[in-house]
Amino acid sequence: MLVRFGFVAMSMQVKNASPSKTMTASAFEKIADREAALRKLVRLAQENLQNTKRLLYHCIGHDIRFYRFSSRLLPLAGHDYIEGLDYFSLLKDDFYQVGEVVRKHQIRTGFHPDHFTVLNSPRCDVVASSIASLDRHVKMLEAMELDQSHKCNIHIGGSYNNKEKAGRNFINQFSLLDRRLQSYLCLENDDKTFTVAETLAIAEEVGAPFVLDIHHHRCNHEGDLLTDYWPRIVTTWKDEPFPPKVHLSSPRSESQMRAHADYVHLDDAVELLRGAAEVTDRLDVMIEAKRKDEALFRLIKELASHPAVTVMDQASIRWKES
DNA sequence: ACCTGTCAAGTCTGG
DNA sequence: CCAGACTTGACAGGT
């Protein structure tokens, strides 16, 4: 099994390259000259896109072909204050430049809209802003000229005291989305509410790929063994150009089980790779650790001494279990 | 240069 | 019904 590793949004090695620079709503309010404030927002967004490009070059230089964009590229996006501001026409070229690097170097990218994107909420305003957020994320991918193989990954949402009903509500809301949005989505199990079993069943029903988060699974499962789900997980990716993707992280501590640790524990990685190797010959692993790309490089280094591992380059390995 | 507190969002819990 | 916890990186304000 060929395994490629990726990281999220920012680098611990590339300095002054935040792709998430922003302005608070209250700071925006305090600027008397609204036009000047809007210009500053556009400048921040432009910096975020240019830094994203720098981060992509960093990836390329280290053989990394899997990267998740920051979901905060556009400051105050969706906020009432900036109504009428068209980031997309103003930053057309910046978006295009990012996409150009991605396509030229065949990097797998995507977004993870924040957990306030809740499609199954009983509140109409929450659903509406969630759809608007998804639309914005897809617009960014389109502005980069990246097709549906680059996904927006979301969770199912809240349970509202009736998880089964909440799941059905998600399916209903999903079915009401434009096909354009649907085709860019993939679904991930979360650490509190929707387990692998529940999320996978929903993903199968709506025809979206399923992203396994091994850490969330550990926080939120019902004694179910992952081995029961691996074949079905892989099947949800069968029509996709890229291989199945999974999220890998370790708990910060026993008292902070849900929080992400600085680095990934080798054992967690090995456990994941063992399971995946039974069902797929390609896997993309998104590292979700505080130390970002440093955690990726450290994990590769640690994996190198495992008997089942052959290191291919700085960011990928071959797993060959005895 | 560094440190601490605040900011955004939605859900859930506890009072 | 309301306040606070949860989460995260960056802002904001203090020293």
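Throughout, protein chains are lettered first and strands after them, A, B, ... in sequence-line order, and every chain is numbered starting at 1.
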So, for [X] and [Y], is the gap between ring centers shorter than 6.0 Å?
X	Y	value
A/His260	A/His247	no
A/His137	A/Tyr184	no
A/Phe5	A/Phe66	no

Check: A/Gln46/A/Asp94 side-chain N/O donor and acceptor closer than 3.5 Å: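 Judged by distance alone, the side chains do pair up.
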Parallel, tilted or perpendicular, as decided by the 30° and 60° cut-offs, for the rings of A/Phe297 and A/His58: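 Answer is perpendicular, since the angle exceeds 60°.
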Parallel, tilted or perpendicular: rings of A/Tyr67 and A/Phe69 (30°, 60°):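 It falls in the perpendicular class, over 60°.
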Atom [atom1] of [X] to atom [atom2] of [N]: distance rounded to whole Å?
X	N	atom1	atom2	answer
A/Lys292	C/dG9	NZ	C1'	8 Å
A/Lys15	C/dA10	NZ	P	12 Å
A/Asn16	C/dC11	CG	P	11 Å
A/Glu47	C/dG9	CD	C1'	16 Å
A/Phe69	C/dG9	CZ	C1'	19 Å
A/Glu288	C/dT7	CD	P	14 Å
A/His112	C/dT7	NE2	P	14 Å
A/Arg252	C/dT8	CZ	C1'	12 Å

A/Ser133 side chain to A/Ser129 backbone, donor-acceptor under 3.5 Å: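 Judged by distance alone, no pair lies under 3.5 Å.
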From C/dG9, C/dC11, C/dT8, nucleotide with atom closest to A/Thr22 side chain: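 When the side chain of A/Thr22 is considered, C/dC11 is the closest of C/dG9, C/dC11, C/dT8.
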When you compare the protein's N or O atoms with those of nucleotides 13-15 of chain C, which come within less than 3.5 Å of each other, and at what distance?
none

Where protein sits on nucleotides 3-15 of chain B, one letter per nucleotide: B base, S sugar-phosphate only, - none, heavy atoms under 4.0 Å: ----SSBBSS---
Whole-angstrom distance between B/dT13 and C/dT7, as gauged at atom P: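 About 14 Å, rounded to a whole number of Å.
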Sole candidate of A/Asn153, A/Val138, A/Leu73 that passes side-chain contact (heavy atoms from CB on, under 4.5 Å) when paired with A/Phe111: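 Filter result, single survivor: A/Leu73.
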Qualifying residue, where the test is salt bridge (Lys or Arg N to Asp or Glu O under 4.0 Å) with A/Asp284 and the options are A/Arg68, A/Arg108, A/Lys151: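 Testing A/Asp284 for a salt bridge (Lys or Arg N to Asp or Glu O under 4.0 Å) against A/Arg68, A/Arg108, A/Lys151 leaves exactly one candidate, A/Arg108.
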cation_pi(A/Arg103, A/Tyr96) dist<6.0 Å, angle<=45: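 That pair qualifies as a cation-pi contact.
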Any A/His260 side-chain nitrogen or oxygen under 4.0 Å from OP1 or OP2 of C/dT8: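 Indeed, a polar side-chain atom of A/His260 lies that close.
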Watson-Crick and G-U pairing of DNA chain B written in dot-bracket, each distance under 3.5 angstrom, with | for inter-strand partners: ||||||||.||||||
Step-by-step side chain to side chain contact (heavy atoms under 4.5 Å, CB included) determination, A/Glu198 to A/Ile156: CA-CA 9 Å; A/Glu198 293 156 350; A/Ile156 303 301; over 6 Å; no
